[in-house]
Amino acid sequence: MTTVAEPLSARQPKKTKQDNTLLRIVKSPKFARLLFPIAVLVVWYASIEIIRAIWPFAVDVLPTPTETVSAMWDELIDPFVEGTQAATRENLYATFARSLGRLGLGFAISMVLGTIIGLAMGLSKAADAFFHDWTMALLAMPALAWALFGSLVFGFGTAGPVFTVVAAGIPFVIINVREGVRNTPIELFDMARAFGVPQNRTTRHVLLPSLMPFMFAAVRYAFSIGWKGLVIAEVFGGQNGAGWTIKFWYDAHRAHAVVGYAFFFIIFALFLEKFVFDRMAERVFKWRPSAVEIVEEGFEDQSDLVESARADYGAIGAATALTEIGIVRESEQDG
Amino acid sequence: MTIRVDEQPSAALVTEEELAKEARRKELISRWFWRILSYVVVLGLWEFVSGRVLEEALLPGPIRVVQTFGDIWATGKMPSAFQATLTRIVIGFGLSFIIGAVIGIISQNKWWEAFFKDAVIIGLTAPGLIWALITAIIFGNRWYGPVIAIILTTFALVTVNVSEGVKAIPKDLMDMGRAFKVPLLEQNRHIVIPHLAPFLFTGLRFGFSIAWKVTVLTEVFSSSEGIGFEMRTSSQLFQMDEFLTWILAFFLFALFLEKVVLQAFERRYFSWRREVTSA
């Protein structure tokens, strides 16, 4: 009796254990994350097949994944096949380098101007009243308006796109710097004064660290909003650059090349987020005691920022701060 | 005697209050002074630059723009353009809001959160331009091209706001719901959704402001009506005064929606939590 029961009971748990490992793999978040691109591919193929079945004329327009990948590959190997001097347009690397240069220039200008105006607004009520409405007006403007305006005023070339980057990014710098100045701990300044700490050490050890999260948010925002504005400006007022090139494929009516180039845009933006800004965040916030505290402090800072930004700038300002929380959360999960 | 004792502090209080009021009044006056000065300086500079530094064809002054605004308004083109744009936004952003909120709510589950993580990251980082171009090349100028572009650009913003709210859901209430075996749907209806309402609203406002800009962009590529189309046309015809007029119209309308419509909406649906917010 017992001899019969024993192998049975021994077999039973073994089987469930195997089931469990499979189930655990399927149920794990990592599997879900891997599943997403596969699901996208399946939906992509399936929708093309369905549309082909219903409406046979669409065949040429619809980009299939294989066509898209081969278009991307052609772009990637371009310099090794044709050399760097292409007759009609620059290759992928030169294009993105050029766009990045414009983005960097516009970003630097908007950081400098925005920091000056933001500091003035944070320190003086008169300056705040002076610039407040116009900052809001800049925030509400679509990048398209700046892009078209820049292309008309400055002509085709570099000035229009750079102008668009500055105009699109500067309100975010102003808001963040202003909030940063307002959130500096006054008690610490009072204490520094009471203990006779020299001015430059106060600036270095009190003002800069408390401004840092806000400056960082400003950098991140000016960069990502500037990038989105830049590509639009290059479509209308560029002679080269990433936005111009995707419009080139659009005008040539190559849907797969447009989608492939869009993937390069996404990869470029993700690269900046993951490898540039996350690294920078690590470095800038090194002085903070521990990872947990970074997140918590980030939340405190940001929730204040959300409140005051909402009070002053309505939805756009509040969400500026909110999305920043999202980024803090992201890095918390990864780290 | 008691009266005199009572009188003295009250008199002091009055003067203190008056002083505070006086200070507040002074601050308000100085604030308005600087504000009006800023309008005078900026508009004056604009008027001065136009025709002197830059040619008037390149940068028409504010007076000219206001005149053109009146002219275009008189032709009756403006309301129909706004109507076309607004319809597109309402359909596109309405769907996007629902999709984004649903993804945010089911992201309570770790599995679904991981599944949609890359979609949300891409939705946040990808420029609206690529969706506008891709949908324009695939769907031509059918009405659902711009709608899909709006959805792809804005759903992630709603999702981020909602999932922030989801992470801050009161755990004790959820635990109690689970302990008393409240069905999942009921839990969502009575705990999750009321708690999420302010986050949903923030998502609505922010998403709307982005949807607005993307819609104008899609109209440039795949539409023959709407504000974006009018901007594109006037810039192609090099009519800078008309172009600036459309920007002005866009701006006024956005301001109206933000300050009047959405705030009225907020007052109406959040009147039940007025006390909480004021405290």
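Side chains included, hydrogens not; waters and symmetry mates left out as well; all remaining heavy atoms used. Each chain gets a letter, A, B and so on, in the order its sequence line appears, and its residues count up from 1. This one's a predicted model, so the numbers in the text were calculated from it and none came from an experiment.
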Partner chain A: residue of B/Trp131, B/Tyr39, B/Trp246, B/Phe238 with the largest heavy-atom pair count (under 4.5 Å): B/Tyr39
Is there a side-chain contact between A/Phe263 and B/Ile130, using heavy atoms and a 4.5 Å cut-off? no
Quick check on the interface: out of B/Asn109, B/Val220, B/Val214, B/Ile210, who has the most heavy-atom pairs with chain A under 4.5 Å? B/Val220
Identify which part of B/Gln236 has an atom lying under 4.5 Å from any heavy atom of chain A, answering side chain, backbone, both or neither. neither
Heavy-atom pairs under 4.5 Å with chain A are the metric here; pick the option from B/Leu244, B/Leu129, B/Val41 that has the most. B/Leu129
Checking heavy atoms, do the side chain of A/Phe265, its backbone, both or neither come under 4.5 Å from chain B? side chain
Side chain, backbone, both or neither: which part of B/Ile36 has a heavy atom under 4.5 Å from chain A? neither
Counting heavy-atom pairs under 4.5 Å to chain A, which of B/Val216, B/Leu37, B/Ile247, B/Asp118 comes out on top? B/Asp118
Go through the steps for B/Trp34 and A/Lys125 under the test side-chain contact (heavy atoms from CB on, under 4.5 Å), then give the verdict. CA-CA 9 Å; B/Trp34 285 103; A/Lys125 279 197 172 140; over 6 Å; no
Which portion of A/Val235 sits near chain B, non-hydrogen atoms under 4.5 angstrom: side chain
Under 4.5 Å to a heavy atom of chain B? For A/Ala39 that would be side chain
Take the angle between the ring planes of B/Phe243 and A/Phe149 and call it parallel below 30°, perpendicular above 60°, tilted in between. parallel
Pairwise distance CZ(A/Phe36) to NZ(B/Lys117) - rounded to 0.5 angstrom: 13.0 Å
Measuring from atom NE2 of A/His132 to atom CZ of B/Arg35, what distance do you get when rounded to the nearest 0.5 angstrom? 7.0 Å
Which atoms of B/Ala119 are under 4.5 Å from chain A, going by heavy atoms: the side chain, the backbone, both sets, or neither? both
So A/Phe131 and B/Ser38, do their side chains get closer than 4.5 Å, heavy atoms only? no
Validation row: A/Arg254, B/Ile137 side chains within 4.5 angstrom (heavy atoms): no
Which is it for A/Lys247 and B/Phe221 under the side-chain contact (heavy atoms from CB on, under 4.5 Å) test, yes or no, and what are the steps along the way? CA-CA 11 Å; A/Lys247 187 71 173 21; B/Phe221 298 108; 3.7 Å; yes
Can you tell me how far NZ of B/Lys213 sits from CG of A/Leu144, rounded to the nearest 0.5 angstrom? 11.0 Å
Gap between atom CD1 of B/Ile122 and atom CD1 of A/Ile267 - 0.5 Å precision: 9.0 Å
Between B/Ser30 and chain A, with a heavy-atom cut-off of 4.5 Å, which part of the residue counts as in contact: side chain, backbone, both or neither? neither
Checking B/Phe208 against chain A: side chain, backbone, both or neither under 4.5 Å from a heavy atom? neither
Is A/Ser151 in contact with chain B via its backbone, its side chain, both, or neither, using a 4.5 Å heavy-atom distance? neither
If you compare all heavy atoms of A/Val231 against all heavy atoms of B/Pro127, which two are closest, and at what distance to 0.1 Å? CG2-CB, 3.9 Å
Ranking B/Leu58, B/Ile138, B/Leu204, B/Leu133 by heavy-atom pairs under 4.5 Å to chain A gives rank one to B/Leu133
As an exercise, state the distance from NZ of A/Lys30 to NZ of B/Lys110, rounded to the nearest 0.5 Å. 13.5 Å
